[in-house]
Protein chains: 2
Amino acid sequence: MTRIPAPERRTALIDAALRVVSHRGIAHATTRAIVAEAGMSLASFHYAFDSRDELIDELITTVVEREQQAVVPDHVAGDSLAEILEAGLVRYFEHLRADPEHEQAMLELTQYALRSPERHPLAAKQYARYAELAERSLAYAADRAGAQWRIPVAQVARVLVAFTDGLTLTWLVDRDDDAALAVARAAADALSRLADEA
Amino acid sequence: MTRIPAPERRTALIDAALRVVSHRGIAHATTRAIVAEAGMSLASFHYAFDSRDELIDELITTVVEREQQAVVPDHVAGDSLAEILEAGLVRYFEHLRADPEHEQAMLELTQYALRSPERHPLAAKQYARYAELAERSLAYAADRAGAQWRIPVAQVARVLVAFTDGLTLTWLVDRDDDAALAVARAAADALSRLADEA
DNA sequence: GTCTATACACCGATAGAC
DNA sequence: GTCTATCGGTGTATAGAC
């Protein structure tokens, strides 16, 4: 019907694909389901993308670039490093509770990427991005608490990413809020001990 | 050809399905791929199982029941609780490195189960089983170190499961052994602080 | 450029010969 | 009970009218 520029169509399809993956899982993210979600015809899909694989790759790249979620907020209450880190993890947990499907989609996209050698680097980039955001938060938190990381902050960031992933996956399974908060507290404590406080 | 009792055929198909999921991912675990792996004809499948869904459910149930991996070994070197826990996590990590595809398969099965309401309880059971094994290990570790958990050991177990999951997922992505060991150390430290040592 | 209609591969599941 | 052959459905991708 209406003529839509190709780049615009691509982003519309990527957004639709993310909604389908979030709501129904990657197994149901077929080209038909995606164009239906986007309100387009099937042929439009292959006008904008060469293949479904190309769209999935673009989807992963896009969500990774879009990722802005920092684990430590800009303004925090609390004085000790452990308190600041715990507040950050609790903040992440609230974000997870607000939109569980999004984090579930990210996990599915990661595992999907891990299954093909060509796509594995996309998963690696995704986690490098997570680590980068974590590193920024950790540097800020230490600064805020007047503390110094004893080991390179990049290594601490890698640990934080692992803890966050574990928190996410276990909560998605059992939806136990109290247990998730216990994980957040323990993780904050462990991380804080990797720094010297002033 | 040869007549095989139905129960035997079922277990053979389940074993084959696990191999397919491990090697190629759940998306490729079609009935055809599974019977090929098992060396059977397609019709044999539907003689042993009513549907593919039934097999997948059985597969998840089976692998969960089969799960014996305890995070803390029977005989440990080391005296402090933190050391015992770290040794256990390192032992788990060695297990992960020895057969990454199996843990990847378990993660995929979990996420697959999370996507359908009827199967969600299977994922919950899987994690309840993990927690049970973790609890046993933690009780043993505290006993071994002459320590006492300050909070119910079930809660500590839930934290350990989350840390283990995070360790697994991040290592599967970046295969960074040093970073994984750092996670193990931090997690052991955090967990040990949830107990009073004698 | 955008649509409908369709090609072709592969899926789960079954019919029917043996 | 076990096989080969096939059904109906859905997947990705494309042809051809407009």
Mind calculating the distance between [atom1] ([X]) and [atom2] ([N]) to the nearest angstrom?
X	N	atom1	atom2	result
B:Arg3	D:dG1	CZ	C1'	7 Å
B:His46	D:dG1	NE2	C1'	16 Å
A:Ile4	C:dG1	CD1	P	12 Å
B:Phe49	C:dG12	CZ	P	14 Å
B:Met40	C:dG12	CE	C1'	17 Å
A:Tyr47	C:dT2	OH	P	6 Å

Using a strict threshold of under 4.0 Å (side-chain N to carboxylate O), is an ion pair present between [Y] and [X]?
X	Y	value
A:Asp15	A:Arg66	yes
B:Asp189	B:Arg193	yes
A:Arg91	A:Glu94	no
A:Arg52	A:Asp57	no

What's B:Ser44 touching, base or sugar-phosphate or nothing? Going by heavy atoms closer than 4.0 Å.
sugar-phosphate
Ring pair (Phe, Tyr, Trp, His ring centres under 6.0 Å) filter on B:Tyr130, not counting sequence neighbours, yields B:Tyr127
I want to verify a distance call: between [options], whose nearest atom is closest to the [X] side chain?
X	options	value
B:Arg52	C:dA13, D:dC3, C:dC3	C:dA13
A:Leu42	D:dT12, C:dA13, D:dT2	D:dT12
B:Ala43	D:dA13, D:dG1, C:dA15	C:dA15

According to a strict under-4.0 Å criterion, is A:Arg9 in side-chain N/O contact with OP1 or OP2 of C:dT2?
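The answer is yes; a side-chain N or O of A:Arg9 sits under 4.0 Å from OP1 or OP2.
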Sorted by number, the residues of residues 20-38 of chain B with heavy-atom contact under 4.0 Å to DNA chain C
B:Thr30, B:Thr31, B:Arg32
Any donor and acceptor pair, going by atom type alone, linking the side chain of B:Glu108 with main-chain N or O of B:Ile26 inside 3.5 Å?
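Judged by distance alone, yes, a pair lies under 3.5 Å.
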Determine whether B:Ile34 and B:Tyr47 fall in the same hydrophobic cluster, where Ile, Leu, Val, Met, Phe, Trp and Tyr are linked whenever their side-chain heavy atoms lie under 4.5 Å apart.
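Shared cluster, no.
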